[in-house]
J.: 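Encoded as C-alpha cells, here's the structure I'll be asking about.
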Amino acid sequence: MCSLVGNQRNCPTASFLDEGLLTDLLNGPQADATRLREIIAKSLALQALTVAETAALLRADATELIEEIFDAARMLKRKVYGNRIVLFAPLYVGNLCVNDCAYCAFKRSNPHAVRRTLTEAEIRSQVQALEDRGHKRLILVFGEHREYSPQFMADCVRAVYAVKSGHAEIRRVNINASPLDVEGFRIVKSAGIGTYQIFQETYHRQTYATLHPPGTPKADYLWRLTAMDRAMEAGVDDVGIGALFGLYDWRFEVLALVAHARHLQDRFGVGPHTISFPRLQPACGVQLDHSRQVSDADFQRLVAILRLAVPYTGLICTARESAEIRRQVLGFGVSQIDAGSRIEIGGYTESGDTQVVEREQFTLGDIRPLEEVVRELLETGYVPSWCTACYRMGRTGEHFMEFAVPGFIKRFCTPNALTTLAEYLADYAGPATIATGENLLQSELDRIPDSPEKAQLVERLRRIRVEGERDLYI
Ligand code: SAM
Ligand code: SF4
C-alpha cells in the first residue's frame with residue numbers, strides 16, 4: 001500500500017507530486033511578457049494551465065504583469081461564473097481528535113480545548129437554527145477520532161437532511177473530515193453527501209512531517225495525499241482539495257494544488273469540484289510560526305493565479321478571512337463563501353454574537369450574520385445563490401458540465417440562482433434586503449432575452465412568490 005511506502009516516488013497515485021520538479025519550476029528564469037500573455041490567453045480560452053505555465057505566472061513579479069493577471073482573473077471569473085456567489089455554512093459536529101497538528105486548537109495536546117460531540121438532538125437544533133436563517137447548504141466538520149467512523153458521519157448527514165419544517169430544509173450536505181479508505185468513502189457517499197473535502201495542509205513533505213507528529217494518523221502524508229483517489233474510486237466524484245497557507249512557501253502550495261487537480265483530471269476524467277486556500281489563523285492554545293505568513297497582497301495573487309490555472313474549479317474563501325479581504329477576492333476568482341458561520345461546537349444556538357475562543361478551532365475573521373452578507377452581495381451586484389440543482393440532478397463529477405458546455409450558465413445556473421434568491425427573499429429577508437434583492441432580481445431578468453426558457457423562469461418565480469411553492473429547479 002502506498003501509505004506504508006516511505007518514498008512517494010514508489011507510489012503510483014502520488015507520483016504526480018514531484019517536489020523537486022515543482023521547486024525547480026519555481027526557481028526557473030522569469031518568462032518574458034509575451035510568453036506570460038500567451039499563458040493568460042490560454043486561460044481566458046478556458047483551458048486549464050499546466051503546472052509549468054502556472055509556475056510562470058507565479059514567477060511574474062513586474063507590477064504591470066501582476067495587474068494583467070488580476071485583470072484576466074476578473075474577466076475569467078465573469079465569463080465562467082457570472083455574478084453568482086454560492087453560500088453555505090459550516091457545522092462543526094465534534095472536536096475529539098487523536099492528531100496533534102501544530103496549528104490547530106483541536107489538537108489532542110491542547111489543554112484549553114473544550115471537547116464535545118453534538119448528539120443527534122443537538123445536531124437537529126443546530127440545523128434548525130441554520131435553516132431558520134435561510135441556509136440550504138452545509139459542510140459538516142469533524143476531528144479525527146474512532147467515534148467519528150464513516151457510519152457515524154453518514155448518520156449525521158442523514159440526521160441533517162431529515163430536519164425539515166415548512167419551507168426550511170438543507171439540500172446539500174458536504175463533509176470536511178479525515179481521509180477514509182474506499183469502503184469508508186462508500187459509506188458516507190451512500191448518505192447522499194455532496195463534496196468530501198480534505199486539505200493536504202502543506203504539500204511539502206518535510207514541513208508536513210514537522211507539523212504532524214509521528215505516531216498520529218495524520219503523520220501519514222501519502223495516505224492523505226491519495227485520499228481523493230480513494231474517494232473517487234468509491235464514487236464520490238465531487239471532491240474538494242486545499243492547502244493551509246502559511247505553513248510553507250505559498251507559491252509551492254499553489255503549484256502542488258494545480259498538480260493535484262491535474263492528476264485527478266488525468267486519472268478520473270474529472271478534476272476537483274472545489275479548491276480551498278485557508279490562511280493560517282490564530283487559535284487558542286496554539287503557538288504559530290509566522291515565518292511563512294502570506295501577506296494580503298500575496299493572498300490576492302494566489303487566488304487570481306489559481307483562478308487562471310483551473311478555470312473549471314470552484315474556489316472557496318471561508319470566513320477565516322475578514323469581510324474586506326473576502327470582498328476583494330470575490331471579484332477575481334472566488335465562487336463560494338460561507339456566511340453567518342460559527343465554528344464553536346453548538347455555536348448556532350449557544351454563543352449569541354460573541355466568539356467563544358476556547359471552543360473554536362481558530363478565530364474567524366468575518367462573523368457577520370448571513371443576511372448582512374447577502375445584503376452586501378446584492379448591493380454590490382452579486383447574486384447570492386443557494387442552488388443545489390446539479391448535484392440533485394446527477395450533474396456531478398464528469399457529468400458536471402457547468403463550464404464545459406457553452407451556454408450552461410445561462411441555461412441552468414442563472415435561473416436556478418434566481419429562484420433560490422426569490423425563496424430567500426420571501427422566507428428570510430428583512431425589508432431592506434427584500435428591496436435590494438427584488439431590484440437585482442428584476443435587472444437580472446431584464447438582461448435575459450425573451451425565450452421559452454425565460455418564460456418558464458418567470459413562471460417558476462411566480463409559483464414561488466404567489467403559490468408559495470419551493471425548491472423549483474432545472
Ligand atoms: N480533522 C479533519 C482534518 O484535519 O482534515 C478535518 C477538520 S479540520 C477541523 C479542517 C481544516 O481546518 C484543516 O484541514 C485545516 O486546514 C484547517 N485549520 C486547522 N487549524 C487552522 C488554523 N489555525 N487556521 C486556519 N485553518 C485551520
Ligand atoms: Fe485534528 Fe483536523 Fe485539527 Fe488536525 S486539523 S488537530 S486532525 S481537527
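All ligand and atom numbering here is 1-based and tracks the order in the structure.
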J.: With atoms numbered from 1 as shown, which atoms in ligand 1 lie under 4.0 angstrom from a non-hydrogen atom of C104?
T.: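 By the 4.0 Å cutoff, the relevant atoms are 19 (C), 20 (N).
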J.: Show the atoms of ligand 2 that are less than 4.0 angstrom away from any heavy atom in F106.
T.: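 Answer for ligand 2: 3 (Fe), 6 (S), 8 (S).
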J.: Looking at R133 and E371, is any side-chain nitrogen of the basic one under 4.0 Å from a carboxylate oxygen of the acidic one?
T.: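 Here E371 does not pair with R133 in a salt bridge, since their nearest N and O are not under 4.0 Å apart.
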J.: Could you check which of N176, V98, I139, L364 puts a non-hydrogen atom nearest to atom 6 (C) of ligand 1?
T.: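 Result: the heavy atom closest to atom 6 (C) of ligand 1 is in N176.
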J.: Would you mind running through ligand 1 and noting each atom that sits below 4.0 Å from a heavy atom of R279?
T.: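 Those qualifying, in numeric order: 25 (C).
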J.: Minimum distance, heavy atoms only, to atom 2 (C) of ligand 1: which one of Y103, Y92, F142, F199 is it?
T.: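 It is F142 whose heavy atom sits nearest to atom 2 (C) of ligand 1.
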J.: Step through the shown structure and confirm whether more than 12 heavy atoms of other residues, nucleotides or ligands are within 6.0 Å of CD on E147.
T.: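 Yes, enclosed.
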J.: I'd like to know whether V334 forms a side-chain contact (heavy atoms from CB on, under 4.5 Å) with F277, so could you lay out the CA-CA distance, the side-chain angles of the two residues, the decisive distance to 0.1 Å, and finally the verdict.
T.: CA-CA 10 Å; V334 166; F277 31 83; 3.9 Å; yes
J.: Do V258 and R262 come close enough that some side-chain heavy atom pair is under 4.5 Å?
T.: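 Yes, close enough: below the 4.5 Å cut-off.
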J.: N/O/S of C97 less than 2.8 Å from atom 4 (Fe) of ligand 2?
T.: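 Given the 2.8 Å cut-off, C97 does not count as a ligand of atom 4 (Fe) of ligand 2.
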J.: Need the ligand 2 atom indices (1-based, order shown) with element for anything under 4.0 Å from a heavy-atom of G143.
T.: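 Matching atoms, with element in brackets: 8 (S).
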J.: Ligand 2 versus R108, non-hydrogen atoms closer than 4.0 Å: side chain, backbone, both, neither?
T.: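 Within the 4.0 Å criterion, R108 makes no contact with ligand 2.
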J.: Within this structure, what is the CG-SG distance for the pair N95 and C104, rounded to the nearest 0.5 Å?
T.: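 Answer for the CG-SG pair, N95 versus C104, is 9.0 Å.
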J.: Name the option, out of K107, K218, H145, that contains the heavy atom nearest to atom 5 (S) of ligand 2.
T.: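 Selected option, by shortest heavy-atom distance: K218.
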J.: Output yes when E233 and R230 qualify as a salt bridge under the 4.0 Å nitrogen-oxygen rule, no when they do not.
T.: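 Judged by the 4.0 Å cut-off on N to carboxylate O distance, E233 and R230 do not form a salt bridge.
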J.: Do NZ/NE/NH1/NH2 and the carboxylate oxygens of K136 and E169 come within less than 4.0 Å?
T.: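 No salt bridge links K136 with E169.
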J.: Report yes if the side chains of Y348 and S341 come closer than 4.5 Å at any heavy-atom pair, otherwise no.
T.: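 In short, these two side chains touch, coming nearer than 4.5 Å.
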J.: Using a strict 4.0 Å threshold on nitrogen-to-oxygen distance, state whether D471 and R392 make a salt bridge.
T.: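 Counted as a salt bridge, because a side-chain N and a carboxylate O are separated by less than 4.0 Å.
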J.: Could you tell me whether R116 and E350 have a side-chain N and a carboxylate O separated by less than 4.0 Å?
T.: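 Result for this pair is yes, salt bridge flagged.
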J.: Given I139 and Y196, is the side-chain contact (heavy atoms from CB on, under 4.5 Å) satisfied, shown in steps?
T.: CA-CA 9 Å; I139 182 156; Y196 200 102; over 6 Å; no
J.: With respect to W386, which candidate in L87, N416, V86 satisfies the side chain to side chain contact (heavy atoms under 4.5 Å, CB included) definition?
T.: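 Answer after filtering L87, N416, V86: L87.
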J.: With only distance considered, is V141 within less than 3.5 Å of ligand 1 through an N or O on each side?
T.: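 N/O-N/O distance under 3.5 Å: no.
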J.: Could you say whether the N/O atoms of S178 and ligand 1 ever approach to under 3.5 Å?
T.: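 Such a contact does not occur with ligand 1.
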J.: Using a strict 4.0 Å cut-off to heavy atoms of R320, name the atoms of ligand 1 that fall inside it.
T.: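 What qualifies from ligand 1 is 11 (C), 12 (O), 17 (C), 25 (C), 26 (N).
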J.: Which ligand 2 atoms are under 4.0 Å away from a heavy-atom of N99?
T.: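 Near N99, meaning under 4.0 Å from one of its heavy atoms, ligand 2 has 7 (S).
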J.: Record the part of A177 in heavy-atom contact with ligand 1 below 4.0 Å; permitted values are side chain, backbone, both and neither.
T.: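 The answer is the backbone of A177.
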J.: Is I198 close enough to touch ligand 1? Criterion: a residue heavy atom under 4.0 Å from a ligand atom.
T.: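 The answer is no: ligand 1 sits nowhere under 4.0 Å from a heavy atom of I198.
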J.: Kindly confirm whether atom 3 (Fe) of ligand 2 is within less than 2.8 Å of some N/O/S atom in C101?
T.: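 Not a single backbone or side-chain N, O or S atom of C101 is under 2.8 Å from atom 3 (Fe) of ligand 2.
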J.: Just which atoms of ligand 1 are under 4.0 Å from any heavy atom in R224?
T.: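 By the 4.0 Å cutoff, the relevant atoms are 3 (C), 4 (O), 5 (O), 14 (O).
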J.: Against heavy atoms of K218, which atoms of ligand 1 measure under 4.0 Å?
T.: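 Counting atoms of ligand 1 from 1, those under 4.0 Å from K218 are 3 (C), 4 (O).
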J.: Considering only heavy atoms of G143, which atoms of ligand 1 have at least one such atom less than 4.0 Å away?
T.: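 This gives 1 (N) as the contact atoms.
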